[in-house]
Undergrad: 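Let me begin by handing over the structure; questions about it come next.
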Amino acid sequence: MNELDSELVHGQLATLGYEFVSSANAAQVLLYNTCSVREQAEQKALSRIGIVGMRKKAGERLILGVIGCMAERDGLELFRRHPQVDFLCGPGELDRVPQLVDSAMRSLMADPSAALPRPSQHDRAALAGNKSRRTATLAAAEDGLEALDLSRAFDPIASGRPAHTAFVRITRGCNKFCTYCVVPSTRGAEIHRPPQHIIDECRRLVDHGAKEVTLLGQTVNHYRYQHGSAVTISGLETAQVGPGLSAFRAAPTARTTTFADLLRRIHEEVPELPRLRFVTSYPRDFGDDILDCMRDSPRICRYLHAPAQSGSDRILKLMNRGYTVSEYIDFVDRAFAHLPDASLAGDFIVGFPTETDDDFEATCALVRRLPFKNNFIFKYSPRPGTAAITRFADDVPDAVKRARNNALLAVQGEATARVHQRLIGTTHSVLFHEVRSRKGPRRDSNLFSPISVNGQSIDDQHAANPQSADHWQAIGRTQGDIIVAVSSSNAQMFSDFVGSLRQVVISSADSLLVHGDLVDAAATMTSRLPSEIGRRN
Ligand code: 5AD
Ligand code: SF4
């Protein structure tokens with residue numbers, strides 16, 4: 001979600017003529033898009049804010065904006081503690097970033113001395129407060145964020161991110177209130193975008209080369225748009241506050257676009273899109289209608305990121321997750337009954353208040369029992385503004401959290417290896433993202449960050465395997481988000497791989513990735529590399 005926000009802000013500023021540089025040292029305006037989900041992420045942002053503070057003290061004339069969840073959560077207090085911050089903008093107000101940058105620029109230009117006169121702090125902060133939990137009509141009328149999402153119409157892929165993958169937001173915010181989570185307070189109530197806007201955005205992205213679109217929502221399967229009550233402003237249908245959670249116990253009316261309806265419409269109305277994914281699924285309220293639609297739509301990836309968070313019913317209750325372990329297992333069984341080739345991933349939190357060894361063992365048992373391809377594992381981090389921080393003492397010592405984190409990563413590593421082993425001999429369509437050399441630092445990469453699985457970088461695996469003659473690797477992902485490497489001794493073979501989809505048969509596997517051979521390797525080599533024929537096995 002944050003990545004998409006950065007992309008949209010980038011797009012807006014680029015449209016206004018701002019130029020982007022690759023190093024913070026070369027920039028005059030620094031914007032940090034922050035996350036508050038865990039304390040560690042906030043600490044990282046604070047350290048960068050500290051560095052900018054030192055540069056400003058040393059006389060550099062810079063503008064520092066803090067945007068995203070941390071701005072929303074800390075509010076004006078951030079100005080007091082970090083006077084080097086020029087402006088704040090919460091995730092619900094990102095359409096106002098250009099205006100805030102512009103006003104900071106003007107004050108910087110107006111007085112070249114170090115002591116800059118500043119607008120009042122209220123004019124330097126765009127924070128939603130509790131606005132997003134006001135009435136549907138009011139929220140819709142003030143919904144500049146829909147305009148920000150729609151601004152992509154002018155520059156669909158503004159970020160420099162790989163053009164062949166793109167994110168499209170379908171809902172914002174969350175109505176769930178898990179006790180540990182800041183999202184409902186930093187991003188507000190669930191708001192659903194009009195289906196036509198989403199479909200148009202997917203189509204534009206495909207026109208600009210996207211091969212894979214990922215639909216985004218905190219609880220993406222809660223998507224629900226009620227057409228009879230849509231508010232229209234200046235001829236434009238607006239995003240809509242979502243229904244209460246009880247809505248998922250009743251059948252939708254004829255004028256509702258459900259998540260399944262939305263998936264089906266995108267699949268049918270954007271037939272040139274090779275891959276459609278979605279994250280993150282909330283394991284409850286995930287109806288058979290969605291699974292039926294996935295089964296009947298070959299270009300919808302059979303990939304479910306559905307965080308279980310814990311394998312202990314007692315802890316799930318304290319987390320207010322709204323399901324039991326057996327209900328989670330029923331959901332997974334139902335998913336595999338519809339989609340036998342589905343790929344399952346999730347998140348777990350270890351060291352939640354009062355978590356005992358037995359609770360933790362129940363979590364390990366769940367990871368052993370279900371075919372998770374990977375899980376993101378987090379140590380519980382008490383967050384201000386959440387129910388958990390006021391209700392429960394953070395009573396699991398950090399050393400225990402760390403040990404449980406490592407132990408669960410090891411259990412997950414074995415689960416990943418089992419899932420990978422089962423793929424040997426099967427053929428998959430792979431979307432390639434990167435070509436890299438296993439022996440040197442050279443990369444033809446379209447990814448910003450190194451790929452890691454269950455906390456381990458796939459670069460570690462390259463280092464462990466330096467003797468191979470095939471030292472070029474093309475890295476891609478299956479529909480199920482499994483990382484696939486195809487190796488060759490000749491980089492030319494991969495010259496047009498990034499952004500392409502190819503059939504690969506899996507030949508070997510380990511706990512990080514699977515290795516494979518191109519199904520049409522002979523044809524590929526004949527057309528491009530006659531000298532290579534016969535050298536590969
Ligand atoms: N502490 C640790 N992990 C958290 N997550 C959310 N809030 C917290 C917290 N306070 C994790 C959950 C969620 C993922 C995005 O971050 O597992 O699914
Ligand atoms: Fe946070 Fe729970 Fe909502 Fe996910 S479902 S965003 S964990 S409150």
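FYI, side chains are in, hydrogens and waters are out, and symmetry mates aren't considered; it's all heavy atoms of this structure. Counting convention: from 1, in listed order, for ligands and their atoms alike. Along the sequence shown, residues are numbered consecutively beginning with 1. Since the structure is predicted, the reported quantities are computational estimates derived from the model, not experimental observations.
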Undergrad: When you measure from atom 7 (S) of ligand 2 to every protein heavy atom, which one gives the shortest distance, and what is it?
TA: Tyr180 OH, 3.4 Å

Undergrad: Compute the minimum heavy-atom distance from Arg321 to ligand 2 and say whether it is under 4.0 Å.
TA: yes

Undergrad: Sorted by chain and residue number, which protein N/O/S atoms are under 2.8 Å from atom 3 (Fe) of ligand 2?
TA: Cys174 SG

Undergrad: For the pair Glu42 and Arg383, find out whether any cationic side-chain nitrogen is under 4.0 Å from an anionic carboxylate oxygen.
TA: yes

Undergrad: I'd like a table of the close N/O pairs between ligand 1 and the protein (anything under 3.5 Å), one pair per line with both atom names and the distance.
TA:
unit_1	atom_1	unit_2	atom_2	d
ligand 1	1 (N)	Ser381	N	3.0
ligand 1	10 (N)	Tyr180	O	3.0
ligand 1	10 (N)	Ser381	O	2.8
ligand 1	16 (O)	Arg38	NH1	2.7
ligand 1	17 (O)	Gln309	OE1	2.7
ligand 1	17 (O)	Gln309	NE2	3.4
ligand 1	18 (O)	Gln309	NE2	2.8
ligand 1	18 (O)	Asp347	OD2	2.6

Undergrad: Side chains of Arg96 and Gln12: any donor to acceptor distance under 3.5 Å?
TA: no

Undergrad: May I ask you to decide whether Glu77 forms a salt bridge with Arg80, counting only side-chain N to carboxylate O separations under 4.0 Å?
TA: yes

Undergrad: Taking only residues two or more places apart in sequence, or in another chain, which ones meet Thr356 in a side chain to side chain donor-acceptor pair (under 3.5 Å)?
TA: Asp359

Undergrad: Please collect all ring pair (Phe, Tyr, Trp, His ring centres under 6.0 Å) contacts where either partner lies in residues 381-413, sequence neighbours excluded, each pair once.
TA: Phe352-Phe392

Undergrad: Classify the side-chain pair Ser47/Gln43 by whether it contains a donor and acceptor separated by less than 3.5 Å.
TA: no

Undergrad: Main chain of Tyr180, side chain of Tyr380: is a donor-acceptor contact present, judged purely on distance under 3.5 Å?
TA: no

Undergrad: Do NZ/NE/NH1/NH2 and the carboxylate oxygens of Arg264 and Asp289 come within less than 4.0 Å?
TA: no

Undergrad: Could you tell me if Arg284 sits above the aromatic ring of Tyr323, with its cationic atom closer than 6.0 Å to the ring centre and no more than 45 degrees from the axis?
TA: no

Undergrad: With Asn175 as reference, evaluate Gln218, His222, Glu190 under the side chain to side chain contact (heavy atoms under 4.5 Å, CB included) test and give the passing residue.
TA: Glu190

